[in-house]
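Read the numbers this way: they start at 1 and go in the same order the structure lists the ligands and their atoms. Numbers for residues simply follow the sequence, beginning at 1. On a predicted model such as this, the values are computed, not experimentally measured, just so you know.
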Amino acid sequence: MMDYEKIREGVRLLLEGIGEDVDREGLRETPDRIARMCAEIYGGLYEDPGEHLKKQFTVERNDMVIEKDITFYSTCEHHLLPFYGKAHIGYIPDGKVAGLSKLARTVDGFARRPQIQEKMTRDIANALEKHLKPRGVIVMLEAEHTCMTMRGIKKPGSRTVTIVALGAFEDNMELQNRFLDMVRNA
Ligand code: ZN
């Protein structure tokens, strides 16, 4: 469980550290506000997002399934600043598909934790592989990292793209390109 008192104390120390007056009106409730916000934006640490994939449907044909443009918000573990963007998921079923809204819920559960984008991409792909046991799965994340746009090298609009391809997608450029084509154009 989250230790809200520790979070409140930590935020107070941070504000003192930057030279702020923690007792001024605008900041007085900030430590508590942030503690409550942590429950939401880091709540994914306390769930197994793969659970959403246990609800499955049988299919006759194993055509590629693509769910694209799933909006997500996460936090970079190096700066505790947001990175956010779109997740695109493709998989080739092996007799079973997941409910479409469940893919979005899985992405959301993995997003709500401090991490790097590469790990989030891999976690989503691994969860699909584990629960759906598809013939192949590919996950692509495109995100803007505010630690790169509001500080540091300050390149607004630059996006970080990560891809993990497993099973039939691994080392199969033709399949990967078919997925990328659907994500970009369809
Ligand atoms: Zn960062």
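- Using cut-offs of 30° and 60° on the angle between ring planes, the pair H145 and F83 is parallel.
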Worked check of side chain to side chain donor-acceptor pair (under 3.5 Å) between K86 and T71
CA-CA 5 Å; K86 307 271 190 199; T71 301; 3.2 Å; yes
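- For K68 (side chain) and M182 (main-chain N/O), a donor-acceptor pair under 3.5 Å exists by modelled atom type.
- Protein atoms that are N, O or S and lie under 2.8 Å from the Zn ion (ligand 1) are these: C76 SG, H79 ND1, C147 SG.
- Pairing each heavy atom of Y73 with each of A111, the nearest pair is O-CB, 3.4 Å.
- Here the NZ-CG distance, from K130 to D123, works out to 11.0 Å after rounding to the nearest 0.5 Å.
- Of the possible donor and acceptor atoms, one in the side chain of Q176 sits under 3.5 Å from a partner among the backbone N and O of F169.
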